[in-house]
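Here's the structure we're looking at; comments come further down.
Residue numbers begin at 1 in each chain, while the letters A, B, ... track the order of the sequences.
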Amino acid sequence: MRFSQTLIPTLREDPVDAQVVSHRLMLRAGLIRPLGAGIYTWLPLGLRVLRKVEAIVRQEMDNAGAQEVLMPAVQPGELWQESGRWEQYGKELLRFVDRHDRQFCFGPTHEEVISDLVRREIRSYRQLPANFYQIQTKFRDEIRPRFGIMRGREFLMKDAYSFDLDWAGLEVSYQTMFAAYQRIFQRCGLAFRAVEADTGSIGGASSHEFHVLADSGEDVIVSCDQCDYAANLEKAVSRPAEIADTGAVAVPAVERVATPGQKSIEAVGQFLRWPVERIVKSLLVEAAGEPVLLLLRGDRELNMVKAAAALGVPQVTIPEPERAAQWAGVAMGSLGPLGTPLRVLADREVPALADFVCGANTEGWHWQHVQWERDVPLPALADLRNVVAGEPCPRCATGRLQRHQGIEVGHVFKLGDKYSQSLGVRVLDSQGLEQTLVMGCYGIGVSRIVAAAIEQHHDQNGICWPVALAPFQIALLLLNPREPGEVEAGEALYRDLLAAGVEVLLDDRDERAGVKFKDADLLGCPLRVVVGGRSFKEGMVEVQARTGERAERVPLAEALATLVRLAGR
RNA sequence: CGGGGUGUAGCGCAGCCUGGUAGCGCAUCGGCUUUGGGAGCCGAGGGCCGGAGGUUCGAAUCCUCUCACCCCGACCA
């Protein structure tokens with residue numbers, strides 16, 4: 001492709017609105033342009049990269065036995081009412097009506113559509129197992145789209161749906177997809193990690209997320225430094241520490257102390273000169289409309305997913321301040337377990353505190369030297385908090401947990417009969433009995449992979465594409481397009497490389513050398529080849545890897561063979 | 001959704017406080033010179049100052065409303 005005839009609007013300056021590296025570089029390198037909040041046009045170069053990812057995904061899906069289809073982006077609301085998600089899905093679902101006032105949505109996912117297809121077309125167990133996938137534009141009306149392509153509202157996604165007669169069949173389908181995902185991310189040249197993920201309210205089923213490791217990732221993942229245990233923060237657990245025998249310790253008498261104006265755990269700790277880990281943090285949450293007081297060590301973070309699971313409700317939320325005050329009889333900030341009428345649930349770590357501080361359920365007052373059982377009954381226990389780095393691994397004897405930042409690029413999920421039940425996806429089994437199918441779903445953020453790859457592969461000068469995703473293998477710089485000899489040699493090399501099947505971007509623009517070098521670095525093709533100037537006078541071309549230290553000189557006559565070899569063709 | 005910020009030429013910004021009809025750098029176009037890491041000089045084009053309403057002789061500037069975009073938060077009370 002010729003640079004001079006392609007829209008590659010590189011930017012010299014950093015766009016002020018772009019916060020993360022991938023967003024900045026995608027704009028600067030002319031891969032994308034914004035149209036609105038969280039929606040982007042893919043320009044020629046960016047589209048080439050997107051297509052590379054798509055091709056890898058498609059190949060591996062096909063190899064894994066999945067069948068490609070393309071479902072409508074616009075879906076009837078009726079179908080979503082049938083599955084019950086029309087009410088559940090909330091504002092992320094972009095809804096609209098057609099001219100007949102019928103309700104529609106722009107598909108954020110396609111469980112309903114594929115289920116509808118399968119219930120109409122698949123009648124017999126002999127047609128199973130089946131796995132259908134598509135690569136489609138989705139729209140999710142995110143509360144706050146940000147970070148460019150990383151978290152846009154409109155994005156390109158591969159989604160696959162497997163259908164099996166039973167759970168054993170689903171297990172096979174799931175493992176097949178899991179393996180295909182590992183190959184996909186390996187081929188994309190990404191450092192990634194598969195982690196156990198929370199399954200939310202569906203229950204029973206298992207789920208894994210695939211994260212590209214990057215400091216800018218929005219998600220926290222936890223992994224063991226010894227074994228292969230890895231989970232996302234919502235799901236991750238640590239091995240519980242031994243609980244001390246709290247009854248044996250001599251604790252001073254419990255005492256009510258004034259803590260005027262001390263609102264946070266840190267402030268109370270400093271004011272009373274107690275370490276935060278010996279203050280019990282009391283959090284009022286709403287679980288299925290009921291108030292529950294959750295107790296955590298002062299230095300720990302509440303994990304709301306774990307809390308919901310422990311309470312057996314779909315989710316817990318933080319109540320409105322007025323409502324909370326009504327329930328607790330006191331403003332939040334002074335809550336505590338002593339004498340509370342509320343249901344109390346404590347993190348399993350909390351009983352280890354033999355002598356602690358907690359709120360006194362009166363504004364501006366706390367208790368100190370509280371002891372379990374002596375002063376307050378020990379409440380029900382559960383794992384309620386996020387793990388922290390350095391804790392012991394729940395799976396192996398010696399491992400310690402580490403925390404990393406990750407970008408979620410893939411998610412595999414055993415759905416079970418959640419949709420097949422509500423939508424009536426059934427076939428006849430070998431006995432002639434009707435069976436509800438067991439489903440799995442498998443997503444990959446195709447466009448997000450492009451951004452994630454840049455997060456992982458860049459330097460001060462621009463993108464450093466992994467070979468498999470690069471828009472071109474070679475950036476061929478025609479240093480002086482007014483020098484007929486150089487042009488002739490460069491054009492010939494360009495033609496020969498194309499003929500050999502190598503993807504080349506020929507920078508034939510009438511620009512100064514410096515501009516071409518800067519743009520080549522920004523665009524990040526794996527190899528940069530210079531034809532012209534000093535080396536050309538000696539019959540040489542220069543070859544430099546994007547991530548290499550210095551250029552190598554190759555005789556013009558050998559350039560083609562060398563480049564074909566280096567480009568891996 | 002709550003809070004904060006910004007909207008002026010393709011991009012980055014100044015001008016606004018203290019009203020007088022718009023400017024700088026880069027980019028673009030023409031010319032000359034230059035030519036190995038984002039060139040120099042000369043010249044040119046391009047903006048109903050996000051939109052609507054109001055105040056005023058006069059509004060980019062003051063007031064009201066509105067829209068868009070960005071940031072922070074939406075578990076630590």
Within residues 530-546 of chain A or reaching into it, pairs that qualify as salt bridge (charged side-chain N to carboxylate O under 4.0 Å, His left out) - sequence neighbours excluded = A:Asp459-A:Arg546, A:Glu538-A:Arg553
Mind checking the P distance from B:G46 to B:G23? Whole angstroms is fine.
-> 13 Å
For residues A:Phe356 and A:Trp274, establish whether the separation of their ring centroids is below 6.0 Å.
-> no
Mind checking the P distance from B:A14 to B:U28? Whole angstroms is fine.
-> 24 Å
Can you check whether any acceptor in the base of B:G37 is under 3.5 Å from a donor in the side chain of A:Arg12, or vice versa?
-> no
Taking atom C1' of B:A77 as reference, at what distance in whole Å does atom CD of A:Glu301 sit?
-> 16 Å
In whole angstrom, give me the gap between the C1' atoms of B:G45 and B:C29.
-> 7 Å
Pick base, sugar-phosphate or nothing for A:Asn303, based on heavy-atom distances below 4.0 Å to the nucleic acid.
-> nothing
Is any side-chain N of the basic residue among A:Glu391 and A:Arg385 closer than 4.0 Å to the acidic one's carboxylate O?
-> yes
Could you tell me whether the side chain of A:Asp519 has a donor or acceptor atom within less than 3.5 Å of a complementary atom in the base of B:G38?
-> yes
Expected output: side-chain A:Ser447 to main-chain A:Leu156 donor-acceptor under 3.5 Å | yes
Same-atom distance (P) from B:G20 to B:U66, integer angstrom | 28 Å
Is A:Arg343 paired with A:Glu290 through a side-chain N to carboxylate O contact shorter than 4.0 Å?
-> no
For A:Asn480 and A:Glu486, does a side-chain donor sit closer than 3.5 Å to a side-chain acceptor?
-> no
Scan residues 531-543 of chain A against RNA chain B and write down, sorted by residue number, each residue with any heavy atom closer than 4.0 Å; if none is found, say none.
-> A:Gly532, A:Gly533, A:Arg534, A:Ser535, A:Glu542
What integer distance in Å separates A:Asp14:CG from B:C13:C1'?
-> 15 Å
Name the pairing partner of B:C62, where a pair is Watson-Crick or G-U wobble with both distances under 3.5 Å, or state none.
-> B:G54
Take the angle between the ring planes of A:Phe106 and A:Phe139 and call it parallel below 30°, perpendicular above 60°, tilted in between.
-> perpendicular
Both distances under 3.5 Å, Watson-Crick or G-U wobble: report the partner of B:A68, or none.
-> B:U6
For A:Ile265, report the nucleic acid contact type (base, sugar-phosphate, nothing); a contact means any heavy atom under 4.0 Å.
-> sugar-phosphate
Is any side-chain N or O of A:Arg28 under 3.5 Å from a base N or O of B:G38, one able to act as donor and the other as acceptor?
-> yes
Sequence neighbours excluded, the answer for salt bridge (charged side-chain N to carboxylate O under 4.0 Å, His left out) partners of A:Glu92 is none
Where the side chain of A:Arg482 is defined as all heavy atoms beyond and including C-beta, which of B:U35, B:C69, B:C11 is the nearest nucleotide?
-> B:U35
What residues 505-515 of chain A contributes to the RNA chain B interface at heavy-atom separation below 4.0 Å is A:Arg512, A:Ala513, A:Gly514, A:Val515
Counting only pairs under 3.5 Å, give me each side-chain donor-acceptor contact of residues 32-47 of chain A, with atom names and distances, residues two or more places apart or in other chains.
{"from": "A:Arg33", "atom 1": "NH1", "to": "A:Leu27", "atom 2": "O", "distance (Å)": "2.8"}
{"from": "A:Arg33", "atom 1": "NH2", "to": "A:Pro9", "atom 2": "O", "distance (Å)": "2.6"}
{"from": "A:Tyr40", "atom 1": "OH", "to": "A:His23", "atom 2": "NE2", "distance (Å)": "3.3"}

The salt bridge (charged side-chain N to carboxylate O under 4.0 Å, His left out) partners of A:Arg512 (sequence neighbours excluded) come to none
Could you state the CZ-C1' distance from A:Phe147 to B:C69, rounded to the nearest angstrom?
-> 16 Å
Contact class for A:Arg528 (heavy atom, under 4.0 Å): base, sugar-phosphate, or nothing?
-> base
